[in-house]
Protein chains: 2
Amino acid sequence: MTEQKIPRATAKRLPIYYRYLNILLDADKTRVSSTELSEAVKVDSATIRRDFSYFGALGKRGYGYDVESLIKFFRKILNQDRLTNVALIGVGNLGHALLNFNFHQDGNVRISAAFDVNEKIANTIQSGVPIYPMTELRTQLEEQQIQVAILTVPSEVAQQVTDEAVAGGVKGILNFTPLRVTVPKDVRVQNVDLTNELQTLIYFLEHYNKE
Amino acid sequence: MTEQKIPRATAKRLPIYYRYLNILLDADKTRVSSTELSEAVKVDSATIRRDFSYFGALGKRGYGYDVESLIKFFRKILNQDRLTNVALIGVGNLGHALLNFNFHQDGNVRISAAFDVNEKIANTIQSGVPIYPMTELRTQLEEQQIQVAILTVPSEVAQQVTDEAVAGGVKGILNFTPLRVTVPKDVRVQNVDLTNELQTLIYFLEHYNKE
DNA sequence: AAGATATTGCAAATATTTTTCACAATTTCT
DNA sequence: AGAAATTGTGAAAAATATTTGCAATATCTT
């Protein structure tokens, strides 16, 4: 869709830039230089300029970047200009917390449907989100044209649920399951493995008390 | 502490290997080859051998790896052989879910103390974990000698709380805050920015419908 | 017990990704 | 008009990660 391939590392920084730019806007700053940004977000200024340059010439030489138009630009890039509906699959422990989690700080992401096998909570509304029984996963996803899903089911059923979700048209999965699910290659999976994060952290602590 | 620098990519795969090895053990497999592992965890077999070799010669040529002793080894490496006590700072929405989250699948991580500013929940026990008022953060961390903290406070206070935690002796922080906190360089921070993950995912979806 | 087969360990090569340098081009500021 | 600031970017460098290729060594088969 976009012309160029933006490096992963860059893409991961975009939300960070975006967030800080909004802080600047709130503080009524109208311009900002890469050096200034650099200090705030702790990324080298050359890296910032390089990152921005993937999207074309966003700044003005000798001046810096105009906060407002930069925000406007990133808003579009990051899809902040329209609502993305997201499904939450698995309303257990973590799932429930995510229902309340303020994903839509900037108003662009909304969990619009949730699914669970538990008969007791199916067909209720939790935190303003309707919970459907798992049997309706595919049809609801299709009907509501939801392309992004958050997966917080037990890992035993993760693959099976994923297949179902993909069949329902999902193209992006935020996977909280420790299982590495298999998907067609037009589907993107972002893994968030909390146990793994914690273990990796502890590993690094024990093994390099000096980096 | 350890002799060698293990690549980040390798370290991140260790818990994945470990998990799968346990599955093998449960299935009463006594040996496994890198090729076999490869298929299961979806990592090239050469990469697996490379990864393992950072820790010395763990396998036997012509035979493969002995599941049990490999597990034993990784258990140690990953600190699964002893309990790591972890503090949870901020028992809000997400924090509460993490209290119930089954971090200690393999019995090595335990949230042994939680902290919150909210007077109502301070000095109670939630999900078996004592909640202390935030004012006791530093002293309790010191007293209980906790070195790892999970940070789930509002980002406005993240830096301040971090400073306090570091003063209390914390060496590793799993940071769920969108703020990139500043810490002394002997402290390691692992960021888990859920909003960011989701935004990055959506970004990739919109911009590369084909990878 | 000999030969065939399997499989690791590892040095080196290669590939990929990310960061940084360095400076011309351009703009603003005084 | 000249000084100062700051971007944009080619190219170099650095960092990180993967893959190759094969000798060494073990097990398996007959």
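Here is the naming used below: chain letters follow the sequence lines, and residue numbers restart at 1 for every chain.
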A.B. asks: To the nearest Å, how far apart are Phe73(B) CZ and dG9(C) C1'?
C.D. replies: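 So the CZ-C1' distance, Phe73(B) to dG9(C), works out to 14 Å.
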A.B. asks: Closer to the 5' end of DNA chain C via nearest nucleotide, is it Glu36(B) or Thr47(A)?
C.D. replies: Glu36(B)
A.B. asks: Tell me whether the OP1 or OP2 atom of dT18(D) has a side-chain N or O from Arg13(B) closer than 4.0 Å.
C.D. replies: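 For dT18(D), OP1/OP2 do have a side-chain N/O of Arg13(B) under 4.0 Å.
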A.B. asks: Rounding to a whole Å, what distance do you find between Asp44(B):CG and dT18(D):C1'?
C.D. replies: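 One finds 8 Å between C1' of dT18(D) and CG of Asp44(B), rounded.
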A.B. asks: Looking for any heavy atom pair under 4.0 Å, which part of the strands does Ala46(B) touch: base, sugar-phosphate only, or nothing?
C.D. replies: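 Base contact.
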A.B. asks: In whole angstrom, what separates Ile48(A)'s CD1 from dG8(D)'s C1'?
C.D. replies: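 Whole-Å distance recorded here is 14 Å.
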A.B. asks: Under 4.0 Å from OP1 or OP2 of dC29(C): is there any side-chain N or O of Arg61(A) that close?
C.D. replies: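 For dC29(C), OP1/OP2 do not have a side-chain N/O of Arg61(A) under 4.0 Å.
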A.B. asks: Give a yes or no on whether a donor-acceptor pair under 3.5 Å exists between the nucleobase atoms of dG9(C), that is its base, and the side chain of Arg49(B).
C.D. replies: yes
A.B. asks: For Asp66(B) and dT8(C), what is the distance between atoms CG and C1' respectively, to the nearest whole Å?
C.D. replies: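 That distance rounds to 14 Å.
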A.B. asks: Phosphate oxygens OP1/OP2 of dG8(D): is one of them under 4.0 Å from a side-chain N or O of Tyr65(A)?
C.D. replies: yes
A.B. asks: With the side chain of Ala57(A) defined as its heavy atoms from C-beta on, choose the nearest nucleotide among dT18(D), dG8(D), dA24(D).
C.D. replies: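 Of dT18(D), dG8(D), dA24(D), dG8(D) is nearest to the side chain of Ala57(A).
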A.B. asks: Send over the distance from Lys60(B) NZ to dC28(D) C1', rounded to a whole Å.
C.D. replies: 14 Å
A.B. asks: Taking only N and O in the side chain of Thr10(A), is any of them less than 4.0 Å away from OP1 or OP2 of dT18(C)?
C.D. replies: no
A.B. asks: Please confirm whether the shortest side-chain N or O distance from Ser34(B) to OP1 or OP2 of dT8(C) is below 4.0 Å.
C.D. replies: yes
A.B. asks: Can you identify which nucleotide, out of dT27(D), dT9(D), dT6(D), has its nearest atom closest to the Ser33(A) side chain?
C.D. replies: dT6(D)
A.B. asks: Can a side chain N or O of Arg50(B) be found less than 4.0 Å away from OP1 or OP2 on dT14(C)?
C.D. replies: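 Arg50(B) to dT14(C) OP1/OP2: no side-chain N or O under 4.0 Å.
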A.B. asks: A side-chain contact here means heavy atoms from C-beta on lying under 4.5 Å apart; do Thr195(A) and Pro15(B) qualify?
C.D. replies: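 Side chain of Thr195(A) against side chain of Pro15(B), heavy atoms only: no contact under 4.5 Å found.
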A.B. asks: Rounded off to whole Å, could you give me the CZ-to-C1' distance for the Arg8(B) and dT19(C) pair?
C.D. replies: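 Arg8(B) atom CZ is separated from dT19(C) atom C1' by 16 Å.
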A.B. asks: Are any of the side-chain nitrogens in Asp193(B) or Arg19(A) under 4.0 Å away from the carboxylate oxygens of its partner?
C.D. replies: yes
A.B. asks: From CZ of Arg31(A) over to P of dT6(D), roughly how many Å is that when rounded to an integer?
C.D. replies: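 Rounded to the whole Å, the gap is 6 Å.
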A.B. asks: Given dA17(D), dT19(C), dA25(C), which nucleotide is nearest the side-chain atoms of Pro7(B)?
C.D. replies: dA17(D)
A.B. asks: Thinking salt bridges, do Asp186(A) and Lys171(A) make one under a 4.0 Å N-O criterion?
C.D. replies: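 Yes, Asp186(A) and Lys171(A) are salt-bridged.
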A.B. asks: Does the pair Arg31(B)/Glu36(B) count as a salt bridge with the N-to-O cut at 4.0 Å?
C.D. replies: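 No, no charged N to carboxylate O under 4.0 Å.
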A.B. asks: Counting side-chain heavy atoms from C-beta on, which of dG8(D), dT18(C), dT18(D) comes nearest to Ala9(A)?
C.D. replies: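 Nucleotide nearest to Ala9(A)'s side chain: dT18(C).
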A.B. asks: Just how far, in rounded Å, is C1' of dT19(D) from CG of Asp51(B)?
C.D. replies: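 Distance check: Asp51(B) CG to dT19(D) C1' gives 13 Å.
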A.B. asks: Angle class for the Phe52(B)/Tyr17(B) ring planes (parallel below 30°, perpendicular above 60°, tilted otherwise)?
C.D. replies: perpendicular
A.B. asks: Taking the basic N atoms (NZ, or NE/NH1/NH2) and the acidic carboxylate oxygens, is any pair closer than 4.0 Å for Asp51(B) and Arg13(B)?
C.D. replies: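 Answer for the salt bridge query: yes.
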